[in-house]
Amino acid sequence: MSEATEPAGPESAAVVDLLGMVAYAELLAFERMAADARLAPDLRRRAVLSEMAVAEIDNYRRLAGRMAELGADTEKAMAPYVTPLQEYHELTEPKDWLEALTKAYVWDSIADDFVREVAAFLATPDRDLVLDVLHDSRYSDFAAAEIREAIAVDPKVANRLSMWARRLVGEGLSQAQRVAGERVALTMLIMQGSGDQAGVQGLFKRLTAAHTTRMAAVGLNN
């Protein structure tokens with residue numbers, strides 16, 4: 001394998017950390033989508049979510065394959081993220097179809113934006129792989145359309161889902177801070193890739209701006 005495809009030293013640890021995080025997120029996404037599909041109000045919507053769940057497993061396999069190429073143990077690479085991600089999902093278990101869609105639309109999009117930013121600091125082929133396995137627009141577009149339709153039918157739904165979205169973000173940021181404190185190599189990659197503290201602040205400003213735009217696009221309050 002060529003040197004370009006084999007990061008070494010601290011960079012290798014950061015790459016494996018990121019691949020492990022994304023791989024475990026893909027596994028959880030599969031489980032969550034399969035469970036959320038049962039909340040769907042009809043078979044058409046249930047089928048849409050089930051099809052998307054299958055894609056998550058394919059993504060996981062690609063990430064696991066790349067970690068094997070790098071000589072990393074996939075299970076060990078994912079292990080540090082099991083507790084924080086599981087706790088997040090347990091604390092944000094949706095009660096109904098609209099809460100499930102809002103969770104997918106709000107938090108999955110923020111997580112994807114973050115990973116997209118960090119992936120930009122990687123060399124190929126890892127950068128290309130991570131970017132390729134992120135949720136495609138079908139998922140967020142589907143969720144957004146469902147949320148808009150629900151609000152059009154009953155405008156009061158917007159307040160409930162806005163409060164739910166704020167809870168999702170709060171719980172998610174709490175777990176993200178925990179991970180950042182424990183995964184030194186990944187944190188250093190973000191710091192070095194951003195250039196300095198101002199660069200890190202700029203990254204989070206972009207994440208916040210994108211989140212605000214998404215909320216407004218479906219009629220929710222930030």
Side-chain angles (χ1 to χ4, degrees), residues 21-22 24-57 59 84-119 130-176 203-222:
M21 179 179 71
V22 178
Y24 188 63
E26 294 289 344
L27 274 185
L28 279 183
F30 165 76
E31 294 174 2
R32 194 183 78 245
M33 287 183 191
D36 291 349
R38 295 196 293 269
L39 298 172
D42 57 45
L43 292 177
R44 179 185 67 81
R45 291 176 174 88
R46 184 174 180 178
V48 169
L49 214 57
S50 297
E51 288 175 2
M52 292 178 182
V54 173
E56 303 295 343
I57 286 297
N59 290 338
L85 286 177
Q86 282 191 337
E87 285 185 1
Y88 168 73
H89 287 299
E90 288 171 1
L91 290 169
T92 57
E93 188 71 28
K95 298 185 184 69
D96 57 33
W97 175 243
L98 288 177
E99 286 193 1
L101 289 173
T102 302
K103 182 175 178 178
Y105 180 71
V106 171
W107 184 250
D108 284 6
S109 296
I110 293 176
D112 282 356
D113 285 349
F114 172 74
V115 172
R116 192 175 290 110
E117 290 271 0
V118 178
V130 172
L131 292 176
D132 197 42
V133 301
L134 294 180
H135 299 100
D136 62 36
S137 61
R138 288 185 309 148
Y139 195 17
S140 60
D141 290 348
F142 171 73
E146 292 284 312
I147 294 168
R148 289 193 200 97
E149 182 179 343
I151 293 173
V153 172
D154 181 5
K156 290 184 294 185
V157 167
N159 289 331
R160 176 170 73 89
L161 295 183
S162 294
M163 292 178 62
W164 173 240
R166 286 192 286 273
R167 179 182 169 191
L168 292 170
V169 174
E171 295 289 356
L173 291 177
S174 176
Q175 296 300 336
L203 184 156
F204 284 101
K205 284 181 180 178
R206 290 192 296 275
L207 296 180
T208 300
H211 168 64
T212 300
T213 299
R214 274 191 297 269
M215 292 283 282
V218 294
L220 300 181
N221 299 316
N222 195 23

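Throughout, numbering of the chain's residues begins at 1 and tracks the sequence. Just so it is clear, the values below take in all heavy atoms, side chains as well, and ignore hydrogens, waters and symmetry mates.
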Considering non-hydrogen atoms only, spot the tightest contact between W107 and L173 and give its length. CH2-N, 3.9 Å

Can you sort out the partners of R160 under side chain to side chain donor-acceptor pair (under 3.5 Å), two or more places apart, ordered by chain and number? D96, E99

Could you give the distance from CE (M52) to CZ (R138), rounded to the nearest 0.5 Å? 5.0 Å

Using 0.5 Å steps for rounding, measure from the CG atom of L98 to the CG atom of L39. 10.0 Å

Measure the CZ-CD distance between F30 and E26 for me, rounded to the nearest 0.5 Å. 12.0 Å

Roughly how far apart are S109 OG and L207 CG, rounded to 0.5 Å? 11.5 Å

Results of side-chain contact (heavy atoms from CB on, under 4.5 Å) for T208 - residues two or more places apart only: T212

Does some side-chain heavy atom of M21 sit less than 4.5 Å from a side-chain heavy atom of V115? yes

Who passes side-chain contact (heavy atoms from CB on, under 4.5 Å) against N221, sequence neighbours left out? N159, S162, R166

Y105 and A217: which non-hydrogen atoms are nearest, and at how many Å? OH-CB, 4.0 Å

Would you say that I110 contacts F114 through its side chain, given a criterion of any heavy-atom pair below 4.5 Å between the two side chains? no

Rounded to the nearest 0.5 Å, what separates atom CG in L101 from atom OG in S140? 11.5 Å

Check this for me: R46, atom CZ, are more than 12 non-hydrogen atoms of other residues, nucleotides or ligands nearer than 6.0 Å? no

Enter the distance from K103:NZ to D108:CG here, rounded to the nearest 0.5 Å. 8.0 Å

State, yes or no, whether a side-chain contact exists between R214 and D113 at a heavy-atom distance under 4.5 Å. yes

Should we say atom CZ of R38 is surrounded by more than 12 heavy atoms from elsewhere, each under 6.0 Å from it? no

